[in-house]
Protein chains: 2
Amino acid sequence: MAMSPSSADLKASTAEEEAYLHLQSALRCGRYKPGDRLIPEEIANEIGMSRMPVREAFRRLASDGLVTLRPNRGCVVAGLTVDEIYETFEIRSVLEGLAVRLAMPEMNAETFEELDLLLDRMERSGQSGSSEWVPRHQEFHAYIYRLSGRPKLIRQISALHLVIEPYMRIWFDYVTKPLSARQEHENLIEALKSGDAAHAEEVMREHILGTAPLLTEYASPARR
Amino acid sequence: MAMSPSSADLKASTAEEEAYLHLQSALRCGRYKPGDRLIPEEIANEIGMSRMPVREAFRRLASDGLVTLRPNRGCVVAGLTVDEIYETFEIRSVLEGLAVRLAMPEMNAETFEELDLLLDRMERSGQSGSSEWVPRHQEFHAYIYRLSGRPKLIRQISALHLVIEPYMRIWFDYVTKPLSARQEHENLIEALKSGDAAHAEEVMREHILGTAPLLTEYASPARR
DNA sequence: GTTTGTATAAGTGGATACAAAAATCCAGTG
DNA sequence: CACTGGATTTTTGTATCCACTTATACAAAC
């Protein structure tokens, strides 16, 4: 009952930060389900603080799109409709497309080696049967868009990855592993190697938009 | 000293909302300058409430990118460096490009008429010498990207417009009026009329990226 | 048996109080 | 005269309290 330094929460300089990280990780792995109401008092007790920092964490989560906040009726876990999932992929496709284009000058033997490494890791996690494929897949994409060197762009894309992670996990549970994933990502690397920025951008856009329909097909029927 | 229904704040169902709108409009028109420190207590007194809702408004403004929040050292008005302004335009270009592509099916005689109207209004506000050109210009763009019918996309683009508004105003002050603005936007309308979505997307992207260098050239030297 | 009203409980928004941290000021020192 | 260290002041972060709104449960009326 007494609060301990506790499991998942690493260094957080403020209570608000702690609450934010706690809730974020709980939402990412789907411990709270869309439509669930989050009651500040309960969560505050859970992590040993008062309601106030929790309230503030809610606001940050709301602007990440992870929860919905309505005056006088509290905080509910945001559920994406199929349309909203698809829209998120549309946005991701152009943002990550831009990132690829901007990252092109950074591509060299070293970065390609790293990409191969990340691709292998992704592949292995898929075989191991654990639910680690989704994070590994996100790391692969993250490595690329981080090479763009554009802080705001990176933050926006990361935020989108956060929002869709639970749905990616559900999807993964259905299909065990995206069958053509390795091929898809090898094509992507190929495009990066071509040195043609416009082409690589286009390939990334199609890669992302291509997976969207698969995902929405299996999307949880729960929504709002 | 007692708080009245007061000037600029329209209907706000909560105090936090009121604080948010108040600060947002103050920031948009540049009443607070980049680097200024915002002290919750002062602002709270100014609009007749306690620090608490103001703090929460800060968080929303922070995720809009209008202010920066650091633990234990408060809230400062965000100043964009030239690089950050440019980056914002890069992001805008792909997002508004996407919006145009998605909006293509909505284009018809009626919408073109509306666009001409908005263009005229923009032109007139430029001649009148007031600082109304920037909002009118934003309305022109907003009309287009709203036709995309994608709520999340619309929200993201709006957020970007918010961030760059003060810089657009500064820019406008320097050049009185973007000389080729009318021509630029007429080209845009032309591309929309062509019916070729990919082409229209490209024109929008170039239109936005084209204005970025002009803007950064005149950007306030103040930054962080 | 459904509707409507009302009492009660639960929860939210906001103000105030208090503690911890940072910034500021100022005297003393090298 | 710049610099260091510490006391003072300011500001931030969190907890607690209260008022008001919304949800729930139960009862009376149609």
Side-chain angles (χ1 to χ4, degrees), chain A residues 1-6 9-24 26-27 32-63 66-78 224, chain B residues 1-6 9-24 26-27 32-63 66-78 224:
Chain A
M1 222 116 304
M3 33 106 225
S4 59
S6 176
D9 35 14
L10 301 157
K11 67 277 156 136
S13 59
T14 67
E16 185 275 338
E17 180 89 9
E18 192 185 331
Y20 176 73
L21 294 175
H22 173 88
L23 290 169
Q24 178 178 292
L27 288 165
Y32 299 113
K33 297 259 176 296
D36 284 2
R37 182 146 169 223
L38 298 182
I39 288 140
E41 184 125 26
E42 284 178 13
I43 292 156
N45 293 339
E46 216 171 291
I47 41 183
M49 67 181 65
S50 79
R51 289 162 30 200
M52 208 53 84
V54 176
R55 275 175 56 119
E56 300 196 341
F58 282 173
R59 288 221 189 267
R60 257 212 280 177
L61 295 166
S63 60
L66 295 174
V67 303
T68 305
L69 237 40
R70 281 162 65 205
N72 284 317
R73 53 190 61 176
C75 176
V76 296
V77 179
R224 147 119 345 96
Chain B
M1 218 107 306
M3 34 109 224
S4 60
S6 177
D9 36 13
L10 300 157
K11 68 274 157 139
S13 58
T14 68
E16 185 275 338
E17 180 90 9
E18 191 185 331
Y20 176 74
L21 294 175
H22 173 88
L23 289 169
Q24 178 178 290
L27 288 165
Y32 299 112
K33 296 260 175 296
D36 284 2
R37 183 140 166 234
L38 297 182
I39 287 140
E41 183 123 26
E42 284 179 13
I43 292 156
N45 292 340
E46 216 171 290
I47 41 183
M49 65 181 67
S50 80
R51 288 162 34 205
M52 206 57 76
V54 177
R55 272 178 62 105
E56 302 198 338
F58 282 173
R59 291 220 186 271
R60 258 212 278 177
L61 295 166
S63 59
L66 295 174
V67 302
T68 305
L69 237 41
R70 282 163 64 205
N72 284 318
R73 52 191 60 176
C75 177
V76 297
V77 178
R224 150 116 348 104

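A note on names: the letters A, B, ... follow the listed sequences, proteins ahead of strands, and every chain is numbered from 1.
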Qualifying residues under side chain to side chain donor-acceptor pair (under 3.5 Å), relative to A:E56, sequence neighbours excluded:
B:R55, B:R59
Which residues satisfy the side chain to side chain donor-acceptor pair (under 3.5 Å) test with B:S63, sequence neighbours excluded?
A:S63
With A:R60, which residues qualify under salt bridge (Lys or Arg N to Asp or Glu O under 4.0 Å), at least two apart?
A:E16, A:E17
Treat primed atoms plus P, OP1 and OP2 as sugar-phosphate and everything else as base, then score nucleotides 8-13 of chain D 5' to 3': B for base contact with protein heavy atoms under 4.0 Å, S for sugar-phosphate contact only, - for none.
---SBB
Rounded to whole Å, CE of A:M52 lies from P of C:dC18 at a distance of 15 Å
Rounded distance (Å) that lies between atom P of C:dG14 and atom CD of B:E56:
7 Å
List for me each residue that meets side-chain contact (heavy atoms from CB on, under 4.5 Å) alongside B:E41, sequence neighbours excluded, and say none if there are none.
B:I39, B:N45, B:R51
Quick one: side-chain contact (heavy atoms from CB on, under 4.5 Å) partners of A:N72, sequence neighbours excluded?
none
